[in-house]
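What follows is a single structure, written as structure tokens, with notes after it.
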Amino acid sequence: MLDPKELKKTLNLPKTEFPMKASLPRREPEILKKWTEMKLYQRIRKEREGRPKFILHDGPPYANGRIHLGHALNKILKDFVVKSYSMMGYDAPYVPGWDCHGLPIEIKVENRIGRLEDKAKFRRECKKYAEKYVGLQRDEFIRLGVLGDWENPYLTMDPEYEAEIIRHIKGFFQRGEVYRARKPVYWCPHCKTALAEAEIEYHDHKSPSIYVKFPLLEPEKLSPSLEGKRVFVVIWTTTPWTLPANLAIALHPDYDYGVFRHGDEYYILARLLAPVVEEELGASFELVHKFEGKELEGFRARHPFLDRESVIVLADYVTLEQGTGCVHIAPGHGEEDYQTGLKYGLEVLSPVDDEGRFTGEVEFLKGKTVWEANPIVLEVLRERGMLLAQGEISHSYPHCWRCKGPVIFRATPQWFISMDRAGLRKRALEEIKKVRWIPSWGEERISNMIENRPDWCISRQRSWGVPIPVFYCKNCGEPLTKPEVMDRVAEVFEGEGSDAWFSHPPQYFIPQGVKCEKCGGREFVKENDIVDVWFESGTSHAILKHRPDHRWPADVYLEGNDQYRGWFHSSLLVALANEGESPYRQVITHGWVLDEHGRAMSKSMGNVIEPGEIIKDYGAEILRLWVAFLDYTEDVKLGENILQRLTEAYRKMRNTWRFMLGNLRDFVPEKDSVEEDQFLPSDRFILTKFRRLVERVKKLYENYQYYKIAHLLYDFFTVDLSSFYLDITKDRLYCSAPASPGRRAAQTAIFEMARDSMRLLAPILSFTSEEAWEHLPEFPEKKPSVHLEFFPPALPSLLSQEEERDWEVLMKYRDLANKALDQARKEGFIGNSLEASLVFYAPAEERKVLEKYSSHFLEIFIVSSWKIEEGEERVEVEKAPGKKCERCWVYHPEVGKDPEYPNLCPRCVAVVKELI
RNA sequence: GGGCCUAUAGCUCAGUCGGUUAGAGCGCACGCCUGAUAAGCGUGAGGCCGGUGGUUCAAGUCCACCUAGGCCCA
């Protein structure tokens with residue numbers, strides 16, 4: 001007789017080196033090292049060479065700052081796409097890119113070293129800064145487990161890339177889509193420079209607050225009763241100096257306006273605001289006529305002090321918060337004014353120079369600064385009787401971040417790409433329809449944007465960027481935009497980079513003999529402006545043609561949904577104009593990362609979570625699992641609670657793999673695998689379920705539906721494997737003879753499910769599947785990394801339709817049995833379910849099914865004995881007869897009958913005899 | 001203010017064409033096991049389907065409005 005300790009040695013208990021504790025923050029870097037050393041990315045490329053390509057083209061993040069969760073979400077999703085398509089059998093390269101030029105870097109550098117007059121030197125500093133962050137971000141992306149050609153990224157500041165930008169600009173010029181026009185920008189008269197929105201600070205500022213009368217022409221057209229009366233449109237402004245540039249007065253189309261009599265004058269203003277104006281004047285008005293704003297559209301008023309007319313227009317942005325509901329419009333001095341001006345075809349007047357002084361266009365103000373002009377304008381208004389009221393107001397006003405002085409809006413010449421001259425807008429709208437947008441509402445979103453966007457202003461008054469390759473005639477100022485000149489610029493940039501623009505004289509770029517088309521002049525000066533960085537990143541599709549590992553167009557662009565306005569938009573316009581087609585076939589967008597309560601993360605809210613913290617505390621794998629479990633097409637939340645749930649889910653999957661590996665410890669696939677006919681019903685049932693799952697998951701990968709994959713696989717691990725199949729097969733695995741057909745059958749099933757679930761999860765759980773893969777038994781075709789594998793091939797179902805229905809019945813009785821066993825346990829009748837014998841009562845049909853499988857009930861129900869009776873469906877619990885076998889713990893009537901092994905059941909006696 | 005989007009259990013997700021008592025897993029509670037053990041198994045309790053109104057014999061599902069939140073504009 002063997003004592004329990006010796007008996008335990010005769011069992012095949014699971015054993016594996018694959019640790020239960022993941023220690024991800026420590027282990028992940030080791031796995032990354034393995035991938036680097038084996039050159040995994042290059043190796044995958046090599047193995048997939050010649051296969052159909054699948055191109056995900058990376059949208060370049062901005063090379064500034066450390067990565068945040070939005071970056072992590074984006075890059076991990078891209079990694080899912082690339083890895084899954086690679087495992088489907090495509091040659092799916094991933095070439096990361098960075099957006100390197102632009103204002104934010106300029107601002108950072110300027111903060112550090114001040115503003116340099118020497119542009120070349122300043123640009124060198126900007127370049128260093130960009131390089132530093134490209135390096136930092138690259139390391140952070142690699143740490144996430146993202147596989148790609150990190151040694152050969154594309155940078156928008158690469159000379160070849162800069163040359164492409166020039167060539168694309170040339171294309172727009174050649175097709176006549178580029179024009180030069182004036183547009184108001186923030187301007188600091190002290191620093192004599194244009195400012196971007198990001199360089200503006202808002203401070204309180206005292207301004208005049210005045211009400212001005214504009215005599216309305218032909219008032220009788222509004223109401224016959226006004227014939228011959230002195231009718232005025234009353235506007236309110238805090239910038240009297242912009243009145244010389246007034247060209248229109250805007251009313252809201254739907255608001256209620258009135259004509260109010262005051263003495264022998266009649267004033268037009270919004271009805272709701274009349275009391276405010278009355279108070280300002282200390283007078284009371286009499287309402288003599290009512291109308292809606294839109295009735296006045298197209299009327300004309302006389303300018304209060306210039307010999308010019310001002311047209312009445314309509315604008316939605318007119319509010320009734322202050323003023324008169326009639327808004328003074330100077331298209332050269334305000335963004336909204338400018339937009340309205342465009343709509344109504346108004347001129348862009350801006351009679352103010354670099355220093356904020358009036359030019360000769362306004363004679364009586366010539367040479368005065370705008371601040372000096374204010375009181376003079378007031379005086380003129382007063383003289384003419386056009387000043388209805390005046391006061392002072394303290395309000396929030398834009399100031400220069402550099403000199404802290406107040407800034408103005410001033411129109412300056414800019415370069416524009418026309419949306420309509422060559423039909424760009426129309427073609428873009430057509431092209432959008434050919435693209436697959438995921439989610440589908442993206443199509444409507446980008447269409448609305450393209451439909452309503454103004455012409456694209458591509459010039460910027462900055463220095464860290466690619467120059468607009470234009471020269472001006474020194475003699476007459478005419479721009480030189482010849483394609484051959486731009487070709488030469490591109491050629492120079494390709495060799496020297498765009499720094500060349502700042503270190504060479506114009507003649508370096510201009511072929512001999514080129515003359516000004518207007519005056520024949522031969523001397524030129526270089527353009528100072530650079531191109532909008534959105535144009536730069538919009539040119540990135542060019543790498544698809546230049547890199548041998550790529551192909552034009554891309555299969556997928558995948559970015560946050562802010563990029564409908566950004567990269568998707570600019571890429572479409574730039575590529576479409578130059579290639580005639582959209583650069584992408586599919587566009588996938590993901591949402592924003594919010595905190596646990598669904599609020600945007602911001603420094604001021606103090607709810608920002610850094611990817612680095614999560615990697616340090618949980619591991620990058622948990623972050624990957626987070627991405628996988630969420631419906632990324634919507635905004636996604638992250639917080640402690642969610643991380644806890646994910647960590648638990650991770651542990652469950654890891655442990656399930658660990659248990660499977662433990663049970664495969666002595667399994668040699670090519671030797672020990674059994675034929676189909678050796679499978680027990682439960683093996684066939686679980687394998688069929690699994691094989692179906694494999695096919696579903698592959699389909700879901702094709703359609704980028706990762707959260708469905710994660711849920712399906714996780715549910716399979718917990719419900720089907722852990723709590724069902726792996727629980728019920730323990731008896732077979734542990735207690736049978738090691739090489740018995742039943743045990744080998746279970747191992748064959750487990751091996752298939754372990755191997756193929758690792759393959760299926762490799763794109764998501766890239767680290768853990770790799771680690772588990774190393775512990776999986778060797779087999780002939782096994783690759784040294786799971787990421788070199790293919791997704792599992794389709795395998796046949798092992799159940800007939802009848803057997804599938806049988807399992808529905810069996811599972812129903814399993815539920816009933818569990819409930820009955822739980823009840824018995826609560827009553828203290830049994831502990832371990834093996835102490836029980838079950839009595840099944842079933843209607844005739846179901847009884848037949850139960851009897852068909854009854855020889856497997858020890859396994860399926862984990863009980864020692866059972867009886868099947870006909871009756872209303874229910875399960876009852878009795879004590880199992882016989883004594884407990886000390887080896888397998890099953891109660892059996894014959895325990896004690898074998899004189900040699902009186903503490904064992906017949907099955908175990910046989911096994912032990914075989915082993916000893 | 002405009003365009004687009006979201007709202008189902010504590011968390012992550014199902015819920016078909018409008019049709020029985022709105023489902024799953026996790027978490028939680030209670031129990032079992034100690035041969036997956038910083039594991040494993042079982043049972044159970046959790047829902048005003050964001051709100052209001054409408055269409056309909058019937059609404060989580062369709063429509064309108066509102067609220068809260070998100071992205072992009074203004």
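First the proteins, then the strands, lettered A, B, ... as listed; each starts at 1. Keep in mind that what you see is a predicted model, and the values were worked out from it rather than measured.
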Worksheet item: Under the 6.0 Å and 45° cation-pi test, does Arg654(A) pair with Phe18(A)?
Response: yes
Item to complete: Tell me whether the guanidinium CZ or amine NZ of Lys879(A) lies under 6.0 angstrom from the six-membered ring centre of Tyr891(A) and within 45° of its axis.
Response: no
Determine the Euclidean distance between corresponding [atom1] atoms of [M] and [N]; express it in Å to zero decimal places.
N: U43(B); M: A24(B); atom1: P; answer: 12 Å
N: C62(B); M: A7(B); atom1: P; answer: 11 Å
N: A59(B); M: C41(B); atom1: C1'; answer: 41 Å
N: C13(B); M: C73(B); atom1: C1'; answer: 32 Å
N: G60(B); M: A9(B); atom1: P; answer: 15 Å
N: U8(B); M: G15(B); atom1: C1'; answer: 9 Å
N: A36(B); M: U21(B); atom1: P; answer: 43 Å
N: G50(B); M: G44(B); atom1: P; answer: 27 Å

Answer with base, sugar-phosphate or nothing: what part of the nucleic acid does [X] contact at a heavy-atom distance below 4.0 Å?
X: Gln563(A); answer: nothing
X: Arg654(A); answer: nothing
X: Asn832(A); answer: sugar-phosphate

Between [X] and [Y]: side-chain donor-acceptor atoms closer than 3.5 Å:
X: Trp456(A); Y: Ser570(A); answer: no
X: Thr589(A); Y: Tyr564(A); answer: yes
X: His569(A); Y: Arg453(A); answer: yes
X: Asn703(A); Y: Lys699(A); answer: no
X: Tyr725(A); Y: Asp683(A); answer: yes

Nearest to the side chain of [X], which nucleotide is it out of [options]?
X: Lys819(A); options: U43(B), G25(B), U12(B); answer: U43(B)
X: Glu336(A); options: G25(B), A74(B), C13(B); answer: A74(B)
X: Asp631(A); options: G44(B), C71(B), C13(B); answer: C13(B)
X: Leu13(A); options: G35(B), A74(B), U43(B); answer: G35(B)

Rounded to whole Å, how long is the line connecting atom [atom1] of [X] with atom [atom2] of [N]?
X: Met20(A); N: U37(B); atom1: CE; atom2: P; result: 4 Å
X: Tyr707(A); N: A24(B); atom1: OH; atom2: C1'; result: 14 Å
X: Leu630(A); N: G25(B); atom1: CG; atom2: P; result: 20 Å
X: Leu625(A); N: G25(B); atom1: CG; atom2: P; result: 18 Å
X: Tyr734(A); N: U37(B); atom1: OH; atom2: C1'; result: 11 Å
X: Lys8(A); N: A36(B); atom1: NZ; atom2: P; result: 9 Å
X: Leu834(A); N: U34(B); atom1: CG; atom2: P; result: 10 Å
X: Tyr564(A); N: C71(B); atom1: OH; atom2: C1'; result: 10 Å

Worksheet, complete the sentence: In RNA chain B, stems of three or more consecutive pairs, Watson-Crick or G-U, each with both distances under 3.5 Å, turn out to be B:1-7 with B:67-73, B:10-13 with B:23-26, B:28-32 with B:40-44, B:50-54 with B:62-66
Worksheet item: For the residue pair Trp807(A) and Phe724(A), does the interplanar ring angle fall in the parallel (under 30°), tilted (30 to 60°) or perpendicular (over 60°) class?
Response: perpendicular
Discussion item. Generate the contact string for nucleotides 26-31 of chain B. Rules: B means base contact, S means sugar-phosphate contact only, - means no protein heavy atom under 4.0 Å.
Written reply: BS----
Worksheet item: What one-letter contact string describes nucleotides 60-67 of chain B from 5' to 3', where B marks a base within less than 4.0 Å of any protein heavy atom, S marks contact via sugar-phosphate atoms alone, and - marks no contact?
Response: --------
So, does [X] use its side chain to make a donor-acceptor pair with the main chain of [Y] at under 3.5 Å?
X: Asn607(A); Y: Ala600(A); answer: yes
X: Ser440(A); Y: Trp437(A); answer: no
X: Asn903(A); Y: Leu2(A); answer: yes

Worksheet item: Is Phe716(A) stacked on the base of G25(B), with ring centres under 5.5 Å apart and planes under 30° apart?
Response: no
Practice prompt. Would you mind listing every ring pair (Phe, Tyr, Trp, His ring centres under 6.0 Å) that reaches into residues 625-645 of chain A, with sequence neighbours excluded?
Written response: Phe629(A)-His711(A), Phe629(A)-Tyr714(A)
With a 6.0 Å cut-off on the ring centroids, do [X] and [Y] count as close?
X: Tyr202(A); Y: Tyr397(A); value: no
X: Tyr618(A); Y: Tyr650(A); value: no
X: Tyr557(A); Y: Trp567(A); value: yes

Fill in: Residue whose closest nucleotide on RNA chain B lies nearer the 5' end, Lys637(A) versus Leu7(A)
Lys637(A)
Discussion item. Quick test of your reading of the model: are Glu6(A) and Arg887(A) salt-bridged, counting only N-O distances below 4.0 Å?
Written reply: no
Worksheet item: Would you call Asp562(A) and Arg565(A) a salt bridge, taking side-chain N to carboxylate O under 4.0 Å as the test?
Response: no
Fill in: side-chain N/O Lys21(A) vs A38(B) OP1/OP2, d < 4.0 Å
no
Worksheet entry | Distance test, side-chain N/O of Ser723(A) to OP1/OP2 of G42(B), below 4.0 Å | yes
Discussion item. Within the structure provided, determine whether Val890(A) and Cys905(A) are in side-chain contact (heavy-atom separation under 4.5 Å).
Written reply: no
Worksheet item: So do Glu621(A) and Arg624(A) actually touch side chain to side chain, heavy atoms under 4.5 Å?
Response: yes
Worksheet item: Syn versus anti for G46(B), judged by chi lying within 90° of 0?
Response: syn
Worksheet item: Can you find an N or O donor on one side and an acceptor on the other, under 3.5 Å apart, linking the side chain of Ser722(A) with the base of A36(B)?
Response: yes
Item to complete: Measure distances between side-chain N and O atoms of Lys708(A) and base N and O atoms of A14(B), and say whether any donor-acceptor pair falls under 3.5 Å.
Response: no
Produce the list of close N/O pairs, under 3.5 Å, pairing protein atoms with atoms of nucleotides 2-5 of chain B; give distances to one decimal.
unit_1 : atom_1 : unit_2    : atom_2 : d
G3(B)  : O3'    : Asn448(A) : ND2    : 3.3
G3(B)  : O2'    : Asn448(A) : ND2    : 2.7
G3(B)  : N2     : Arg445(A) : NH2    : 3.2
C4(B)  : OP1    : Glu444(A) : OE2    : 2.9

Worksheet item: In residues 594-608 of chain A, which residues come under 4.0 Å of RNA chain B by heavy atom?
Response: Leu594(A), Gly598(A), Arg599(A), Ala600(A)
